[in-house]
Amino acid sequence: MVWILPFPLLLCTLALSVLPAWADLKSCSEVRRLYISKGFNQNDAPNHEINGDHLKVCSQKHTCCSQAMEEKYTQQSKHDFKASVIEPCNNMQNIFASRYSKFDEFFKELLQNAENSLNDMFVRTYGRLYMQNSELFKDFFVELKKYYVGGNVNLEEMLNDFWARLLERMFRLVNPQYQFTDEYLECVSKYTDQLKPFGDVPRKLKLQVTRAFVAARTFAQGLSVARDVINKVSSVNPTPQCVKAMLKMTYCPYCSGLITVKPCNNYCLNVMRGCLANPGDLDAEWNNFIDAMLMVAERLEGPFNIETVMDPIDVKISDAIMNMQENSMQVSQKVFQGCGQPKPLPPGRPARSVSESNFNIRFRSYSPEERPTTAAGTSLDRLVSDVKEKLKTAKKFWSSLPGSICKNNWTTGSNEDDCWNGSEKSRFDIALQVFVCSNWKWLGQSAK
């Protein structure tokens, strides 16, 4: 008996027998859409799965990626990695850069304010006598600025020279009836330490200025160095192994049609730790650096506070001048004994003495309520307190970078029971983690 199929059923049977080979393959429409949305050539992306023998990193089973797509995704992986590193590094770099700018502005304005204050007060008090000797004080502040900017000034020698030069000028003023040669005045300056004509002010000021300026400059330079280190490290290109590992983690799941599956968190951490191995080596030294900066910050808040040294510096120098005036007779006699009796001025030559100016006026220090606000509308205490908080958050920056990059870019909201583990959608178990860690250099290589 011969069975004759109904005509419609016969057509269906014939149609199924001639379906193309790709009829059983999955559609790649979503993968293709995402690929094109990145600006890549649509002709690179197949509409359906194809054989993956041509792929070098991603799975060589049926795939939605052509060779051109894998190559483009490789370049995109490099770009994605650099962008993911640059963003947190830029944030940290900007913190140090902005704080350095604040401190640099503050210190320079503090010095300028101190110089202006001394000049204004000395002009009002000493008048023409100060004006005739003002270059001595200008040089003093020039040298302080040079040290802060370049560090190529010996502060102790500079301060010793300042007091020696001031003694020469003052010695002439308190002995107006004599004429002094340069050689005689050089002899006078040698008695600065022995006679202490300015009392204990030079010794105290040397200690205060030296430690405050060393701490201030060290702190500012530290902020600058931190800024530059972060900038340099963040600009390093990823290694080929890192790029391959990034490709396998971020775009190989696309080739398998898994466009919504995120990398497993532990898998991402291992990839990023491998990519950031060199910056990660910085962590110990970086933490030591942060601890050292915090220690300097503590000093700046205490006895090394440059603001408490510079604000009343005009008062301290004035006190030194008062001491010299009050002890001028004893100082002069001892100098005459050591350097010889000077020659008197010729008859009829005018002499200007200290008594003609207001040397008996003493300046008063600022009270805390009167302390002027300096750079950027703030004070050293507020600046240091702010930086200390930022320094504490910067500690362990490099070791925590892989975790923050994964969280901010790839693993937020990922399901650890249903995530991309580098080869399929599954868990990234401990055994696989150990394997990945022990075989980092082979990560991203062909899965042949």
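In this structure, R217 contributes its side chain and Y147 its backbone to a donor-acceptor pair below 3.5 Å. Within the 3.5 Å criterion, the main-chain N or O of I405 finds a donor-acceptor partner in the side chain of N409. A distance-only check finds no donor-acceptor pair linking the side chain of R32 to the backbone of P46 [under 3.5 Å]. T125 places no side-chain N or O within 3.5 Å of a backbone atom of F122 that could act as its donor or acceptor partner. For the pair E307 (side chain) and L380 (backbone), a donor-acceptor distance under 3.5 Å is present. Between the side chain of E70 and the backbone N or O of V57, at least one donor-acceptor pair lies under 3.5 Å. Remark: side-chain polar atoms of S101 are paired, donor with acceptor, to backbone N or O of A97 under 3.5 angstrom. A donor-acceptor pair is defined here as one N or O able to donate and one able to accept, closer than 3.5 Å; such a pair exists between the side chain of S235 and the backbone of K232. No donor-acceptor pair closer than 3.5 Å links the side chain of T411 to the backbone N or O of P263. Panel note: side chain H54, backbone C65; a donor-acceptor pair is recorded below 3.5 Å.
In the model, Q112 has a side-chain atom that pairs as donor or acceptor with a side-chain atom of N116 under 3.5 Å.
Remark: R99 engages D386 in a salt bridge, criterion side-chain N to carboxylate O under 4.0 Å. Taking 4.0 Å as the cut-off between side-chain N and carboxylate O, D104 and K108 count as a salt-bridged pair. The pair D291-K395 counts as a salt bridge, with a side-chain nitrogen and a carboxylate oxygen less than 4.0 angstrom apart. We find that K388 and E301 are joined by a salt bridge, their nearest charged nitrogen and carboxylate oxygen being less than 4.0 Å apart. Salt-bridge check for K145 with E115: passed, with a basic side-chain N closer than 4.0 Å to an acidic carboxylate O. Ion pairing between a basic and an acidic side chain is recognised when a charged N comes within 4.0 Å of a carboxylate O; R124 and D120 show no such pairing. A salt bridge does not link K316 to D319: none of the charged side-chain nitrogens sits closer than 4.0 Å to a carboxylate oxygen.
Not counting sequence neighbours, the partners of R169 by the side chain to side chain contact (heavy atoms under 4.5 Å, CB included) test are N133, E135, L136, R165.
With contacts defined as side-chain heavy-atom distances shorter than 4.5 Å, the pair Y267/K248 qualifies. Side chains of F162 and D139 form no contact here, defined as non-hydrogen atoms less than 4.5 Å apart. You'll find the side chain of F96 reaches within 4.5 Å of the side chain of I230, heavy atoms only. Looking only at side-chain heavy atoms (C-beta outward), L144 and M158 come within less than 4.5 Å of each other. For the pair T210 and L159, the minimum side-chain heavy-atom distance is below 4.5 Å. At a threshold of 4.5 Å between non-hydrogen side-chain atoms, the residues E156 and K206 count as touching. Looking at F81 and C242, their side chains come closer than 4.5 Å, going by heavy atoms from C-beta outward. Between N119 and F137, the closest side-chain pair of non-hydrogen atoms is not below 4.5 Å.
Separating the OH atom in Y35 from the CD1 atom in I259 is a distance of 16.0 Å, to the nearest 0.5 Å. Rounding to the nearest 0.5 Å gives a distance of 9.0 Å between CZ of F171 and SG of C187. For the atom pair CG (L167) and OH (Y191), the distance works out to 11.5 Å, reported to the nearest 0.5 Å. A distance of 10.5 Å separates OH in Y148 from CG in L110, rounded to the nearest 0.5 Å. Between R299 atom CZ and I306 atom CD1 the span is 15.5 Å, to the nearest 0.5 Å. One distance of note links CZ of F304 with CZ of F213; it measures 14.0 Å at 0.5 Å rounding.
Between Y73 and Y254, the ring planes are perpendicular. Angles over 60° get that label, and only those under 30° would be called parallel. Note on ring orientation: taking the six-membered ring where Trp is involved, the planes of W163 and F198 are tilted (angle from 30° to 60°). Ring geometry, F289 versus W286: the interplanar angle falls from 30° to 60°, so the pair is classed tilted.
Counting heavy atoms of neighbouring residues, nucleotides and ligands inside a 6.0 Å radius, atom CD of E424 exceeds 12 of them.
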**Report entry** C406 vs C268, disulfide (SG to SG under 2.5 Å): CA-CA, chis, key distance, verdict
**Finding:** CA-CA 6 Å; C406 285; C268 181; 2.1 Å; yes

Query raised in the report: Should Y100 and F103 be marked as a ring pair (Phe, Tyr, Trp, His ring centres under 6.0 Å) after you check the CA-CA gap, both sets of side-chain angles, and the distance that decides it?
Result: CA-CA 5 Å; Y100 168 75; F103 265 88; 9.0 Å; no

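Disulfide criterion (SG-SG under 2.5 Å) for C255 and C58: not met.
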